[in-house]
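Here the structure is laid out as structure tokens; the discussion comes afterwards.
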Amino acid sequence: MLSESEAITKLIDFLDENFYEATQRIYETKGRLIVTGIGKSAIIAQKMVATFNSTGTPSMFLHASEAIHGDLGMIQNEDIIICISKSGNSPEIKVLVPLLKRFGNTLIAITGNITSFLAKGSDYVLNTTVDTEACPINLAPTNSTTAQLVMGDALAVCLMEMRDFKPEDFAVYHPGGALGKKLLLRVKDMIEHSLKPMVAPETSVKKVIFEISEKRLGVTAVIDNDKIIGIITDGDIRRMLNDRDTIADLTAKDIMSKNPKLVSSETMAVDALNILEDFSITQLIVSDNGEYKGVLHLHDILKEGIV
């Protein structure tokens, strides 16, 4: 681990005009970014493509050996090509580079050999030279592939900065799973089909209990002239029963909690969760401009899997 960390730290000294100009060309192009390589470099190329695509740079992976058997057809006029190779002199690279240059596309090399065939044939060279591999026999790609990966991440992060890429943009490319839900899911998405427990201030406690039980949310809003004036939870019911021997003369307004915590239907689910945690409660009344929309329960958020 120390060997690999030292190897990538040295990459900082290799950042020059090539990195700046290559990043600028990628940013300005109206085409896509094609990333190619062979062997372990091809695996790194696939990861780079995944990162670029998820951060706003349309990208495709091209396997270097498959390129010369028909896959070159995926390259369009304005595409920019990144070719990854530690040595820059493998047979496949020597065949591929002249073919890529024939199309007239900008070619960016990520290589550990800046005097290689690949480097000499490229428009820009991003130097990922490492002194040794972490491998005990100095053969298996370890430090070198990590250096390639880090260089690709550096490109992606710089492009994000240049595009002013925001969390909302990231969410567009990650709509599924917990990450996407954290960035996209709103309260309205979770209460759309939920029940709306409500009682009037004069409703008897017995009917309040029926309403809470029937709607199965552990709570009911108290509504007066279409205005939310309070909330009654099953906890309020239990505390009332502990304090009194009879409930015959009690109504909703006698046991309700005034000024309940409210959120709008447009509130992000993750923000609603923070409110629930901050106040150690399990339900929130949802209200839009005073209009009662429903109840958000902690279980609704947990079911979505964003925590």
Side-chain angles (χ1 to χ4, degrees), residues 53-56 160 163-240 251-307:
N53 279 326
S54 68
T55 54
M160 289 176 71
R163 291 192 171 94
D164 193 24
F165 199 81
K166 294 181 170 58
E168 307 85 73
D169 302 311
F170 194 76
V172 171
Y173 302 107
H174 297 77
L179 178 59
K181 288 180 179 180
K182 280 185 178 181
L183 295 170
L184 291 175
L185 194 67
R186 298 181 184 273
V187 168
K188 65 181 179 182
D189 301 319
M190 294 181 287
I191 66 165
E192 184 177 2
H193 302 294
S194 67
L195 300 173
K196 292 170 60 176
M198 66 177 79
V199 296
E202 297 79 20
T203 302
S204 68
V205 168
K206 183 177 181 180
K207 291 184 177 180
V208 169
I209 294 174
F210 286 158
E211 180 71 0
I212 293 176
S213 299
E214 182 182 357
K215 301 298 171 60
R216 303 170 68 91
L217 289 170
V219 65
T220 182
V222 183
I223 308 294
D224 187 21
N225 294 323
D226 296 326
K227 181 180 178 182
I228 303 167
I229 64 170
I231 186 175
I232 301 173
T233 68
D234 50 8
D236 294 326
I237 298 294
R238 287 193 298 271
R239 285 186 289 273
M240 175 207 62
T251 62
K253 65 181 177 182
D254 297 321
I255 63 172
M256 72 180 186
S257 299
K258 298 179 180 179
N259 302 316
K261 297 292 180 294
L262 306 176
V263 293
S264 77
S265 62
E266 292 294 331
T267 301
M268 301 302 298
V270 68
D271 293 331
L273 175 62
N274 291 335
I275 295 172
L276 291 170
E277 291 178 337
D278 290 344
F279 291 96
S280 299
I281 54 179
T282 55
Q283 302 103 339
L284 286 168
I285 298 294
V286 183
S287 171
D288 289 342
N289 298 318
E291 180 183 356
Y292 177 45
K293 292 293 187 179
V295 174
L296 176 68
H297 198 287
L298 175 61
H299 292 164
D300 297 324
I301 299 177
L302 296 178
K303 280 193 299 185
E304 294 294 340
I306 67 172
V307 291

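Computed from a predicted model, the values in this text were never measured in an experiment. Side-chain atoms are counted along with the backbone in the values below, which use heavy atoms only and exclude waters and symmetry mates.
- To the nearest 0.5 Å, atoms NZ (Lys261) and CD1 (Ile281) are separated by 6.5 Å.
- The backbone N or O of Lys188 lies less than 3.5 Å from no partner atom in the side chain of Glu266, so there is not a single donor-acceptor pair.
- Side-chain contact check for Val222 versus Ile231: every heavy-atom pair is 4.5 Å or farther apart.
- Looking at Tyr292, its side chain does come within 3.5 Å of a backbone N or O of Pro197 through a donor-acceptor pair.
- Here the CG-OG distance, from Asp254 to Ser204, works out to 11.0 Å after rounding to the nearest 0.5 Å.
- Nearest approach of Val187 to Ser264, heavy atoms of both residues: CB-O, 3.8 Å.
- Considering every non-hydrogen atom in both Val208 and Ala252, the closest pair reads CG2-CB, 3.9 Å.
- Leu284 approaches Ala272 most closely through the heavy-atom pair CD1-O, 3.7 Å.
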Hey, mind stepping through Ile223 and Ile228 against side-chain contact (heavy atoms from CB on, under 4.5 Å) and telling me if it holds? CA-CA 5 Å; Ile223 308 294; Ile228 303 167; 3.7 Å; yes

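- Counting all heavy atoms, side chain and backbone alike, Thr282 lies closest to Leu276 at C-CD2, 3.7 Å.
- A salt bridge does not link Asp189 to Arg186: none of the charged side-chain nitrogens sits closer than 4.0 Å to a carboxylate oxygen.
- Nearest heavy atoms, His297 versus Leu217: CD2-O, 3.2 Å.
- Considering CD1 of Ile191 and OG of Ser265, their distance stands at 6.0 Å, rounded to 0.5 Å.
- At distances below 3.5 Å, not a single donor-acceptor pair connects side-chain atoms of Asp224 with backbone N or O atoms of Pro201.
- Judged by distance alone, the side chain of Thr203 and the main-chain N or O of Ala200 form a donor-acceptor pair under 3.5 Å.
- Using a 4.5 Å heavy-atom cutoff, the side chains of Ile212 and Thr233 are not in contact.
- When all heavy atoms of Lys215 and Lys196 are compared, the pair lying nearest together is NZ-O, 3.8 Å.
- Taking NZ of Lys253 as the reference point, atom CD1 of Ile232 lies at 12.0 Å (rounded to 0.5 Å).
- Looking at heavy atoms from C-beta onward, Thr220 lies out of side-chain contact with Val295 at the 4.5 angstrom threshold.
- Side-chain atoms of Ile301 and Met190, non-hydrogen and from C-beta on, do get closer than 4.5 Å to each other.
- No more than 12 heavy atoms of other residues, nucleotides or ligands sit less than 6.0 Å from atom NZ of Lys207.
- Within a 6.0 Å sphere centred on CG of Asp278, other residues, nucleotides and ligands contribute more than 12 heavy atoms.
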